[in-house]
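Below: one structure, written as structure tokens.
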Amino acid sequence: EDQVTQSPEALRLQEGESSSLNCSYTVSGLRGLFWYRQDPGKGPEFLFTLYSAGEEKEKERLKATLTKKESFLHITAPKPEDSATYLCAVQAGFTGGSYIPTFGRGTSLIVHP
Amino acid sequence: DAEITQSPRHKITETGRQVTLACHQTWNHNNMFWYRQDLGHGLRLIHYSYGVQDTNKGEVSDGYSVSRSNTEDLPLTLESAASSQTSVYFCASRGTNTGELFFGEGSRLTVL
């Protein structure tokens with residue numbers, strides 16, 4: 001069974017204090033690892049897709065990296081508007097014609113001004 | 001702009017009643033999904049569909065059903081609502097078999 005574990009569950013940072021969120025996974029035949037951002041009362045919003053170990057993607061203050069066992073979401077000099085829950089999802093295992101994403105429980109990030 | 005919409009956004013119902021949550025997308029995506037989100041569990045898959053007349057059960061499908069009569073819509077029905085089905089429900093669609101999901105804003109359901 002595919003497993004996706006995110007850590008920490010919650011993270012509080014001061015504005016400008018860089019840190020990393022972790023997503024560890026155990027799947028066979030990874031077909032994509034996804035990062036989403038979710039604001040309170042909203043649906044998740046897509047950030048990045050990573051497909052192979054060594055791959056990196058960047059967007060503003062966010063950088064996602066991937067190894068064979070885990071992915072990191074690095075947040076450089078965060079601002080209060082980066083406060084949100086960050087979700088990781090993996091796709092593996094072809095099921096009935098497609099791939100089913102499995103989500104981790106998320107990391108709740110609060111950035112204090 | 002293309003979008004995915006859910007309705008109602010908030011609903012309160014009583015135990016035993018039938019409830020239908022609507023999901024409509026205008027991207028012409030074949031893949032559609034229903035998830036529920038609860039504290040401590042994250043997003044859990046209820047049902048999914050790869051196209052018209054295709055529906056499949058997810059990990060928490062008991063007590064739920066879906067039907068896909070056209071590309072745009074995937075309504076989720078709770079045949080007899082239970083308090084354990086109090087949750088936030090998200091519909092999502094995907095344009096390819098391996099691409100990212102596009103989520104609706106969610107429907108918050110309370111079963112009393």
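Values reported hereafter were calculated over all heavy atoms of this structure, with side chains retained and with hydrogens, waters and symmetry mates removed. Below, chain A is the first sequence line, B the second, and so on; all start at residue 1.
Remark: side-chain polar atoms of A:Arg105 are paired, donor with acceptor, to backbone N or O of B:Gly40 under 3.5 angstrom.
We find the CD1-CG distance between A:Ile100 and B:Asn56 to be 7.0 Å, quoted to the nearest 0.5 Å.
Within the 4.5 angstrom heavy-atom criterion, only side-chain atoms of A:Tyr51, from C-beta onward, approach chain B. Contact of A:Gln6 with chain B is not made at all, since no heavy-atom distance falls under 4.5 Å. With a 4.5 angstrom heavy-atom cutoff, B:Arg9 touches chain A only via side-chain atoms. Only the side chain of B:Arg94 comes within contact range of chain A, judged by heavy atoms closer than 4.5 Å. Only the side chain of B:Phe33 has a heavy atom closer than 4.5 Å to any heavy atom of chain A.
Proximity of A:Pro101 to B:Leu45: side-chain heavy atoms (C-beta onward) are nowhere separated by under 4.5 Å.
Here B:Tyr35 and A:Phe103 bring their ring centres to under 6.0 angstrom of each other.
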- Working for side-chain contact (heavy atoms from CB on, under 4.5 Å), residues B:Phe90 and A:Gln38: CA-CA 12 Å; B:Phe90 287 99; A:Gln38 185 175 23; 3.4 Å; yes
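With chain A as partner, the option from B:Leu39, B:Leu101, B:Asn30, B:Val88 having the largest number of non-hydrogen pairs under 4.5 angstrom is B:Leu101. Of the listed residues B:Gln6, B:Glu100, B:Glu105, the one with more heavy-atom pairs under 4.5 angstrom with chain A than any other is B:Glu100.
Nearest heavy-atom pair, A:Tyr99 versus B:Tyr50, reported as atom, atom and distance to 0.1 Å: N-OH, 4.3 Å.
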